[in-house]
Amino acid sequence: DLDIILPAKDQYKSGCCWAFSATDVAQALFHKNGYNTGYLAPQVYPNCAVGYLNLDIESGGNEYIAISTNALLKAPVFASSVGEFTMSSTFCPSYTKEDIAGYVLSTSDLPSNDATAIKEAIMKYGSVLSSLHMPDKYYDGKTTYTYTPQGEPEPTNHAVNIIGWDDTKGAWLVKNSWGPTWGYNGTFWVSYNDMYISKACISLNSYVDKNEISKVYTYNTSGITGTSMGLIGGENKPHTVLIAHKIEEGETIEYLATYTQNPNTK
């Protein structure tokens, strides 16, 4: 009803559903706030991601690559500025600050399997990024999808956006990246009982105009990796990391963001 979700794009045979989902969730956030940017360019995430070797539009990846690209002020970028997605695109298109839609400031990992949190995030931010395991390549999107394995579960292999729900159906309304003619105008229903749909959801929470931030300092341009900061020796080994920046006189640090994936880290 709010007209903030644009028709689904088609990733074709590429492995970058995660990049399409990242642009879709940013697009919904901008449109929800009245900043109608039009389509954003999914190819910028795999083709321009800093530090990921041999990553291009046909590569797999994950949403954290997209989030780190946002954090480096490299995206999201207008599709009208860099051209449409094509399967032959394996290079980073040239673009400037003026081609960037806006700077995403914050993201949240939503509580696992918390339907209320997901619904609230959709209402507040426009959509939620999620992932599924989809083993059946012949699934046409016309029936409510659910993955409930009987034995050892397979990992997730497809990124999507949750854009709504229907408690009567007991299902989430999900936007896919298999084109507007697939499913119901590019969307399909996923049961609340699906093993993964509610397990690891991410929302993009806020953004600012691109002219409000002049510089970003970063200690690590390679995104998520275990060895880029010298974290060698195993997950549960103690490590010490010192991050230091020299800033210009008179500058003010407005935002500080950090994360760790190692357990027992202080």
Side-chain angles (χ1 to χ4, degrees), residues 5-31 37-95 99-104 107-109 125-134 155-163 174-180 182-183 186-188 196-197 200-205 207 221-225:
I5 305 296
L6 297 182
K9 289 285 192 177
D10 194 343
Q11 71 180 81
Y12 302 106
K13 295 181 180 180
S14 75
C16 61
C17 54
W18 60 275
F20 279 78
S21 294
T23 54
D24 280 342
V25 74
Q27 205 165 261
L29 174 67
F30 291 146
H31 285 210
T37 63
Y39 280 105
L40 301 176
Q43 65 267 33
V44 168
Y45 288 116
N47 292 8
C48 305
V50 180
Y52 291 90
L53 298 179
N54 301 318
L55 191 67
D56 58 45
I57 199 66
E58 297 187 33
S59 299
N62 60 57
E63 62 274 15
Y64 291 105
I65 301 175
I67 290 171
S68 67
T69 307
N70 287 340
L72 291 171
L73 309 189
K74 303 291 186 182
V77 179
F78 291 116
S80 58
S81 298
V82 297
E84 288 294 319
F85 160 81
T86 64
M87 276 295 293
S88 61
S89 173
T90 59
F91 63 93
C92 177
S94 60
Y95 61 92
D99 300 315
I100 293 175
Y103 293 143
V104 176
T107 66
S108 290
D109 290 316
Y125 307 121
S127 71
V128 165
L129 194 152
S130 184
S131 56
L132 297 166
H133 178 73
M134 300 195 73
T156 59
N157 59 5
H158 188 50
V160 292
N161 282 116
I162 306 175
I163 61 174
V174 175
K175 181 181 179 182
N176 206 357
S177 53
W178 295 349
W182 182 88
T187 69
F188 66 116
Y196 288 117
I197 188 65
C201 296
I202 294 174
S203 64
L204 302 189
N205 304 343
Y207 71 92
T221 60
S222 60
I224 284 188
T225 172

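These values consider heavy atoms only, across backbone and side chains, with no hydrogens, waters or symmetry-generated copies.
Residues Asp24 and Ser127 have side chains not in contact (no heavy-atom distance under 4.5 Å, counting atoms from C-beta outward). Between Tyr125 and Asn205, some side-chain heavy-atom pair lies under the 4.5 Å cut-off. Inter-residue side-chain proximity for Leu73 and Ile100 is flagged as unmet; no heavy-atom pair is nearer than 4.5 Å. Between His31 and Leu6 there is a side-chain heavy-atom pair separated by less than 4.5 Å.
Shortest non-hydrogen contact noted between Ser14 and Cys16 is OG-SG, 3.1 Å. Counting all heavy atoms, side chain and backbone alike, Cys48 lies closest to Tyr95 at SG-CE2, 4.0 Å. For the pair Ala26 and Pro76, the tightest heavy-atom approach, listed with the atom from each and the gap, is CB-CG, 4.2 Å. Among all heavy-atom pairs drawn from Ser177 and Phe20, the shortest one is CB-CB, 3.8 Å. Here the closest non-hydrogen pair linking Phe188 and Leu132 is CZ-CD1, 3.8 Å.
The distance from atom CH2 of Trp18 to atom CD1 of Ile67, rounded to the nearest 0.5 Å, is 11.0 Å. For the atom pair Lys175 NZ and Ser130 OG, the distance stands at 15.0 Å (nearest 0.5 Å). For the atom pair CG (Leu40) and NZ (Lys9), the distance works out to 10.5 Å, reported to the nearest 0.5 Å. To the nearest 0.5 Å, the span separating CG on Asn176 from CH2 on Trp182 amounts to 4.5 Å. Note: Leu129 CG to Asn161 CG = 5.5 Å, rounded to the nearest 0.5 Å. Taking OG1 from Thr107 and CG from Asp109, the interatomic distance works out to 6.5 Å, rounded to the nearest 0.5 Å.
Not a single donor-acceptor pair under 3.5 Å links the side chain of His133 to the backbone N or O of Asn157. With hydrogens and angles disregarded, no donor-acceptor distance shorter than 3.5 Å links the side chain of Tyr45 to the backbone of Asn70. Judged purely by atom type and a 3.5 angstrom limit, Gln43 uses its side chain to pair as donor or acceptor with the backbone of Gly83. Judged by distance alone, the side chain of Asn47 and the main-chain N or O of Phe91 form a donor-acceptor pair under 3.5 Å. Listed for the Thr69 side chain is no donor-acceptor partner under 3.5 Å among the backbone atoms of Lys74. Formation of a donor-acceptor pair under 3.5 Å by the Asn62 side chain with backbone atoms of Ile65 is found in this model. Between the side chain of Ser21 and the main chain of Ala159, a donor-acceptor pair closer than 3.5 Å is present.
Checked against the 6.0 Å centroid criterion, the rings of Tyr12 and Phe85 qualify as a close aromatic pair.
Each of Val25, Thr187, Val174 was compared with Ile163 under the side-chain contact (heavy atoms from CB on, under 4.5 Å) criterion, and only Thr187 meets it.
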